[in-house]
There are 2 protein chains.
Amino acid sequence: MLKLSKKADYALMALQHIASVQPGDVTPGRVVNTKEIAEEYNIPLELLAKVLQTLSKNGMIESHNGPKGGYLLARSARHITIAQILESIEGPLGLTDCSHERSGELCMQREHCNIRTPLLKIQDSIYQLLNNMTLQDMLSGTPLITIQSPSAEGVTR
Amino acid sequence: MLKLSKKADYALMALQHIASVQPGDVTPGRVVNTKEIAEEYNIPLELLAKVLQTLSKNGMIESHNGPKGGYLLARSARHITIAQILESIEGPLGLTDCSHERSGELCMQREHCNIRTPLLKIQDSIYQLLNNMTLQDMLSGTPLITIQSPSAEGVTR
DNA sequence: TTAAGTGCGACCGATACGATCGGAGATCAT
DNA sequence: ATGATCTCCGATCGTATCGGTCGCACTTAA
């Protein structure tokens, strides 16, 4: 439950690896190719290639063709959030279908839906969580994210 | 992405509905049967039945057989957390496979895995979020959950 | 020109989800 | 007490999404 897909896993691993060889924020660093990452982390080569392609298409990384080609971060690691990465691979993230329903399609339960509002709040909280954490935070290993729930105070659980 | 299953949706709706007809914490209230919930929220009857069965098996609700039978909350709404509900329907919740890996099965990437630690921290945060919110909070409509990320301070995003 | 590398599309197989059907047990009315 | 009705309960089936694979075209440095 709430498990993120293998492709998302691979995307995070790959980006973390690419970021780790980018010394500074501005320094171009060396490019890293698909094969290198696949062998390092035991990821199926072809699948990882697909993942990197979509990441490139969504502006997370830049691709360089030909020999000595490969990928490098499109922008600084501290400006790439976990939420952006996940949304690049899979669609927009949301607990419910109705969170991003376009006009015309509305769920059968919409009329008397009693969980829409609370779920949207939870969803926002999770999104904030993922959008406040960057690739840089994953590198430095000090995410240090805390959650405070006022409704928890004074209640015995 | 991160979307919870239809069964989980139905479980939340049903529990919210059952809780809404339980006046007090101790008052038994009236029992509510599957058909009533299914018609109210346009949920396929048979599928909802399955959901309620598993909820009953996991101690979330109590079942009463026969005519005038139905379901009622097994314990007070303020002692049923969203996390408990979701875990009853789908397995234990976790972003990664490795978060609850039993001995013997370990992922190929475990050796050089670079995202395990940060992901586990995110996972814990989400779990706290879901485990601090109760059915009662969904009823009263005042979840009021806030998230504070220290790493966000002083960084321009 | 050639080899190494990315980019891109179509294609399978498996897992799990949504949905359905028939049966067992309990309770109320007669 | 007995039947009929209403409810819960377990097993089963189709399908869609995801993980994974294959092949070829395009680009670029040597």
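Across dC8(D), dG5(C), dG10(D), the shortest atom-to-atom separation from the side chain of Ser63(B) is found for dC8(D).
Between Gln53(B) atom CD and dG25(C) atom P the separation is 15 Å, expressed in whole Å. Here dG5(C) presents its P atom at 13 Å from CD1 of Ile37(A), a figure rounded to the nearest Å. Straight-line distance from the CG atom of Leu55(A) to the C1' atom of dT6(C): 14 Å, rounded to whole Å. As a whole-Å value, the separation of Tyr71(B) OH from dC6(D) P is 17 Å. Summarising the geometry, the separation between CZ on Arg30(B) and P on dT7(D) is reported as 13 Å, rounded to the nearest angstrom. In this structure, the CG atom of Leu48(A) is 14 Å from the C1' atom of dG5(C), given to the nearest Å. To the nearest angstrom, C1' of dC6(D) lies 9 Å from CG of Asn33(B).
Annotation: side-chain hydrogen bond (donor to acceptor under 3.5 Å, both in side chains) contacts of Glu46(B) (sequence neighbours excluded): none.
Nearest-nucleotide mapping onto DNA chain D: of Lys57(B) and Lys35(B), the residue sitting toward the 5' end is Lys35(B).
When only modelled atom types and interatomic distance are considered, Tyr71(B) and His64(B) share no side-chain donor-acceptor pair under 3.5 Å. A side-chain donor-acceptor contact under 3.5 Å links Glu36(A) and His17(A).
Interatomic distance, Leu95(A) CG to Asp9(B) CG, rounded to the nearest 0.5 Å: 9.0 Å.
The backbone N or O of Thr134(B) sits less than 3.5 Å from a side-chain atom of Asp137(B), completing a donor-acceptor pair.
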Reading nucleotides 12-30 of chain D 5' to 3', which nucleotides get B (base under 4.0 Å from a protein heavy atom), which S (sugar-phosphate only), which -?
-------SSB-----BBB-

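Phosphate contact (OP1/OP2 of dC8(D), side-chain N/O of Ser56(B), threshold under 4.0 Å): absent.
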Using distance only, find each side-chain donor-acceptor pair of residues 48-62 of chain B under 3.5 Å and give its atom names and separation, not counting sequence neighbours.
unit_1	atom_1	unit_2	atom_2	d
Gln53(B)	NE2	Ala49(B)	O	3.4
Thr54(B)	OG1	Val51(B)	O	2.7

